[in-house]
Asks: 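I'd like to ask some things about the structure below.
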Amino acid sequence: MNLESLLHDRLAPALHAVAGHPVDPAVRASPHADFQSGAPLALARELGRPPREIAAEVAAAADLHGIAEIAVSGPGFLNLTLTSDLINGALRAAAADDRLGVPPVTGPERIVVDYSGPNVAKEMHVGHLRSTIIGDALARTYEWLGHDVIRVNHLGDWGTPFGMLVEHLVDLGGAGGHSIGDLTAFYQEARVKFDGDDDFRTRARLRVVALQSGDPLSRDLWRELVAQSERYFLDVYARLGVTLGPDDFAGESRYQDDLAGVVADLTAKGLLTESDGALCAFPAGFTGRDGAPLPLIVRKADGGFGYAATDLAAVRHRVGKLGADRMLYVVGSPQRIHFQMVFAVAREAGWLPGDVTAEHIGFGSILGADGRMLKTRAGDTIKLAELLDEATARATEPAIGIGAIKYADLSGDRMGDYVFDWDRMLASTGNTGPYLQYAYARIQSLFGKAGSGPGEVTVTEPAERALALALLGFEPAVRAAAASAEPHRLAVHLHGLAAAFSVFWERCPVLKAADEVRASRLGLADLTARTLHTGMFLLGIEALEQI
């Protein structure tokens with residue numbers, strides 16, 4: 001049962017009657033009562049009346065079914081205390097439900113989640129971590145809520161760099177047998193040759209033409225690069241515990257045959273303008289620092305296509321072929337303007353109808369202890385596989401190390417930067433992934449000693465009540481995380497739940513309690529374990545039966 005929704009329904013008619021129009025009760029959990037509404041404060045200026053007077057009028061008119069007390073506090077808050085019967089009934093319903101009392105959405109959508117997106121022929125680095133972790137948590141959450149989720153791993157697998165790399169591999173006798181680590185070195189070698197050898201640079205450019213024209217040797221070597229890279233990516237995803245699979249790869253190459261059609265369609269609709277030889281779109285509302293219209297380059301002056309053309313083709317494909325209702329692009333914050341412009345042009349072209357949403361899910365950077373972008377001591381970008389190796393080596397269990405990395409990323413507002421601190425991340429106390437994992441394992445240990453199962457829950461003690469309210473806050477937390485595409489809303493709730501269980505554990509003896517109380521407290525513990533397990537699954541963190 002979503003208690004916030006229930007209380008919303010209790011207060012909304014009274015607020016409507018007082019204000020003369022619908023008002024959001026804005027019910028939230030509160031340390032001063034079970035829940036609190038600050039709606040009267042927001043109405044005070046509009047109505048020109050004291051907020052406490054408005055609050056008293058709302059309290060007098062509200063439906064009090066399930067509410068033990070509604071009191072005006074402070075400058076005009078409404079403090080709401082629930083009846084024990086309502087809490088006990090909601091807990092029992094959640095305990096009897098495999099979904100913990102959280103029903104699937106009534107109007108499921110087809111949601112495309114574009115995340116991770118590494119480049120072929122290069123090793124994944126720490127810069128790919130946030131997109132992969134955040135995107136996977138969102139995909140898991142939407143899927144669990146009942147949406148039809150399509151995961152898309154938009155690989156960088158096309159363009160000039162591949163002519164350069166394939167030509168270098170031709171010089172070395174082909175790609176067979178090389179590891180992805182070799183390919184990273186080869187890419188660096190190819191770049192040196194491209195920058196310093198005129199003959200190689202000419203051959204590499206011709207190789208791009210051959211590759212794009214379907215030359216069999218060029219395509220075979222390119223496919224080998226892609227295949228080796230995809231095997232490597234899947235190994236990293238398996239270690240990281242994310243749900244991206246082989247069917248989710250959708251590289252830039254997928255859209256190459258569509259790009260000429262994108263340009264033709266945009267030209268026919270009058271949306272492209274020639275600028276210095278390039279074909280550009282100028283969506284309304286986007287200007288540079290000088291105030292001039294900001295161009296979105298769709299076709300470059302040399303006739304090649306850039307990221308904008310591929311992204312526009314992808315939008316058209318995802319809406320027209322995949323039937324997306326909502327599209328999420330989990331890409332770093334520096335790409336915000338690019339995606340906003342792509343979405344604006346797609347809407348002008350009619351490829352992104354008004355009933356389909358497209359959102360750039362931006363995020364901040366991972367910083368080192370010096371407050372700068374996380375790098376090795378030598379100043380190089382940290383390889384993701386090496387980061388996972390270190391997490392495994394530092395933790396008592398590999399799942400604890402991986403969980404620590406994920407929780408550190410997901411527990412803060414994704415738009416902010418965060419400092420990568422091994423000691424803090426791996427701590428078994430505080431706001432960390434291991435804290436959640438230890439809380440779950442502690443409950444499993446309890447049942448190993450109990451010798452009996454959970455019983456019907458009846459809350460009486462303050463610590464039990466606090467734990468009960470935390471348990472019943474799970475649904476609002478999940479729905480809030482989904483609505484705003486902010487996994488930290490769920491992560492923060494799970495930490496609060498684990499902390500409430502810790503207080504309950506200390507203040508309410510379980511195994512030594514009398515029979516009915518013992519069974520009830522085992523019921524609370526069991527529901528806590530199931531909620532932590534489900535919540536950690538949605539974040540992609542493994543729940544360990546014992547530690």
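Each residue takes its place number in the sequence, starting with 1.
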Asks: Heavy-atom count check: over 12 atoms from other residues, nucleotides or ligands less than 6.0 Å from Met415 CE?
Replies: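 Yes, CE of Met415 has more than 12 neighbouring heavy atoms, counting only those of other groups under 6.0 Å.
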Asks: Count the heavy atoms belonging to other residues, nucleotides or ligands that lie under 6.0 Å from CG of Asp302, then report whether that count exceeds 12.
Replies: yes
Asks: Between the main-chain N or O of Gly362 and the side-chain N or O of Arg414, is there a donor-acceptor pair closer than 3.5 Å?
Replies: yes
Asks: State plainly whether the residues Asp199 and Arg203 are in salt-bridge range, i.e. N to O under 4.0 Å.
Replies: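 Here Asp199 pairs with Arg203 in a salt bridge, since their nearest N and O are under 4.0 Å apart.
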Asks: Report, as yes or no, whether the 6.0 Å neighbourhood of atom CG on Asp276 holds more than 12 heavy atoms from other residues, nucleotides or ligands.
Replies: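 No, CG of Asp276 has 12 or fewer neighbouring heavy atoms, counting only those of other groups under 6.0 Å.
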Asks: Shortest non-hydrogen contact from Gly535 to Leu490?
Replies: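 Closest approach of Gly535 to Leu490: O-CD2, 3.9 Å.
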Asks: Considering non-hydrogen atoms only, spot the tightest contact between Ala250 and Val152 and give its length.
Replies: CB-CG1, 3.9 Å
Asks: Without swapping roles, check the side chain of His360 against the backbone of Gly332 for a donor-acceptor pair under 3.5 Å.
Replies: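 Answer holds: yes.
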Asks: Can you see which heavy atom on Ala313 is nearest to which on Tyr255, and at what distance?
Replies: CB-CB, 3.8 Å
Asks: Closer than 3.5 angstrom, by distance alone: can the side chain of Asn153 be matched with the main-chain N or O of Gly117 as a donor-acceptor pair?
Replies: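 Confirmed, Asn153 side chain pairs with Gly117 backbone.
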Asks: Would you check if the side chain of Ser229 reaches a backbone N or O of Ala121 as a donor-acceptor pair within less than 3.5 Å?
Replies: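 Side chain of Ser229 to backbone of Ala121, a donor-acceptor pair under 3.5 Å: yes, one is there.
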Asks: When the ring planes of Phe339 and Tyr329 are compared, do they come out parallel, tilted or perpendicular, using 30° and 60° as the limits?
Replies: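 Tilted.
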Asks: Okay, side chain of His147, backbone of Val149: is any donor-acceptor separation there less than 3.5 Å?
Replies: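 Such a contact is absent between His147 side chain and Val149 backbone.
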Asks: Heavy atoms only: give me the nearest Thr287-Gly291 pair and the separation to one decimal.
Replies: CG2-O, 3.6 Å
Asks: Donor-acceptor check, side chain of Asp215 to backbone of Ser218, threshold 3.5 angstrom: yes or no?
Replies: yes
Asks: Should Gln228 and Glu224 be marked as a side-chain hydrogen bond (donor to acceptor under 3.5 Å, both in side chains) after you check the CA-CA gap, both sets of side-chain angles, and the distance that decides it?
Replies: CA-CA 6 Å; Gln228 287 194 42; Glu224 180 63 24; 3.0 Å; yes
Asks: Does NZ or CZ of Arg99 lie under 6.0 Å from the centre of the six-membered ring of Trp144, at an angle within 45° of the ring axis?
Replies: yes
Asks: Between the main-chain N or O of Val330 and the side-chain N or O of Ser131, is there a donor-acceptor pair closer than 3.5 Å?
Replies: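 Yes, the answer is positive, given that a donor and an acceptor are paired below the 3.5 Å cut-off.
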Asks: Return yes if some donor-acceptor pair links the side-chain N/O of Tyr407 with the main-chain N/O of Met425 below 3.5 Å, else return no.
Replies: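 No.
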Asks: Taking atom CG as the centre, does Leu41 end up with more than 12 heavy-atom neighbours from other residues, nucleotides or ligands that are less than 6.0 angstrom away?
Replies: yes
Asks: Where the side chain of Lys406 meets the backbone of Gly540, is there a donor-acceptor pair that is under 3.5 Å apart?
Replies: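 Present.
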Asks: Return yes when atom CZ of Phe286 has more than 12 non-hydrogen atoms of other residues, nucleotides or ligands closer than 6.0 Å, and no otherwise.
Replies: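 Check passes, neighbour count above 12.
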